[in-house]
Amino acid sequence: MSLIKLQKFFKKKSVKYSIPFLVLVVGGSFGLKQFTENRYRFRRNQILSKDEAEKWGITKKDKSEVTLESEFEKVKQININNWENKRGPRPWEEVTQ
């Protein structure tokens with residue numbers, strides 16, 4: 001008798017579609033939790049040295065070369081009174097030079 005009731009219960013449309021959906025949502029949240037946990041566990045927390053950066057193709061300047069005052073001097077030398085607005089090409093336009 002209980003087997004028939006159980007079969008009837010699982011044939012209902014609400015049960016037939018809601019149980020897999022709930023399993024997917026709850027299981028997906030646990031899966032995402034594991035992936036994000038691994039992401040932060042295996043993240044590189046160290047600063048790249050100059051040699052490692054050059055190995056990857058990144059050029060780093062020494063800390064003494066780049067200061068706020070040196071960058072300010074570079075910006076002061078730029079002529080901001082005479083400039084021309086240059087429009088970049090749009091993706092749908094042909095590139096002409």
Side-chain angles (χ1 to χ4, degrees):
M1 186 90 169
S2 66
L3 184 62
I4 295 171
K5 286 185 178 181
L6 192 61
Q7 285 177 346
K8 253 186 186 180
F9 176 73
F10 281 114
K11 286 195 178 198
K12 290 183 181 179
K13 192 175 184 179
S14 60
V15 174
K16 188 177 180 181
Y17 294 112
S18 63
I19 289 178
F21 178 73
L22 289 174
V23 168
L24 180 72
V25 169
V26 172
S29 73
F30 283 111
L32 284 175
K33 177 183 176 266
Q34 292 299 320
F35 282 117
T36 55
E37 192 175 297
N38 288 339
R39 173 183 167 195
Y40 290 113
R41 185 184 311 153
F42 297 114
R43 188 173 68 181
R44 296 182 81 181
N45 292 331
Q46 58 192 1
I47 298 173
L48 286 176
S49 68
K50 191 171 184 179
D51 298 330
E52 285 183 25
E54 287 175 357
K55 184 178 96 177
W56 290 98
I58 302 169
T59 56
K60 290 179 79 174
K61 294 182 180 179
D62 290 330
K63 289 182 181 180
S64 61
E65 290 180 31
V66 181
T67 61
L68 186 60
E69 291 80 15
S70 66
E71 294 300 315
F72 180 67
E73 292 300 324
K74 288 179 189 175
V75 171
K76 275 192 347 186
Q77 292 174 1
I78 298 173
N79 185 4
I80 61 171
N81 294 326
N82 295 329
W83 60 277
E84 180 183 342
N85 190 13
K86 295 184 180 179
R87 181 176 172 268
R90 303 295 190 256
W92 57 85
E93 295 177 343
E94 291 182 18
V95 179
T96 57
Q97 292 182 359

About how many Å separate CG of Leu3 and CD of Gln7, when rounded to the nearest 0.5 Å? 4.5 Å
How would you list, by chain and number, every residue that makes a side chain to side chain donor-acceptor pair (under 3.5 Å) with Thr67, sequence neighbours excluded?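 Per chain and number, Thr67 pairs via side chain to side chain donor-acceptor pair (under 3.5 Å) with Ser70.
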Please name all residues satisfying side chain to side chain donor-acceptor pair (under 3.5 Å) with Glu37, sequence neighbours left out, ordered by chain then number. Arg41
Co-members of the apolar cluster containing [X] [side chain, <4.5 Å]:
X: Val75; result: none
X: Ile80; result: Ile78
X: Phe30; result: Val26

Just to verify, what does Glu65 make a salt bridge (charged side-chain N to carboxylate O under 4.0 Å, His left out) with, not counting sequence neighbours? none
Not counting sequence neighbours, list each pair that qualifies as a salt bridge (charged side-chain N to carboxylate O under 4.0 Å, His left out) and has a residue in residues 72-83.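 Every pair satisfying salt bridge (charged side-chain N to carboxylate O under 4.0 Å, His left out) with a residue in residues 72-83: Glu71-Lys74, Glu73-Lys76.
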Could you note down all residue pairs passing salt bridge (charged side-chain N to carboxylate O under 4.0 Å, His left out) where residues 79-90 supplies at least one of them, sequence neighbours left out?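 The answer is Arg87-Glu93.
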Can you sort out the partners of Phe9 under side chain to side chain contact (heavy atoms under 4.5 Å, CB included), two or more places apart, ordered by chain and number?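 For Phe9 the side chain to side chain contact (heavy atoms under 4.5 Å, CB included) partners, ignoring immediate neighbours, are Val15.
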Run the side chain to side chain contact (heavy atoms under 4.5 Å, CB included) test against Asn82 and tell me which residues pass, sequence neighbours left out. Asn79
Scan for side chain to side chain donor-acceptor pair (under 3.5 Å) pairs involving residues 13-36, sequence neighbours excluded, and state none if there are none.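 Qualifying pairs: none.
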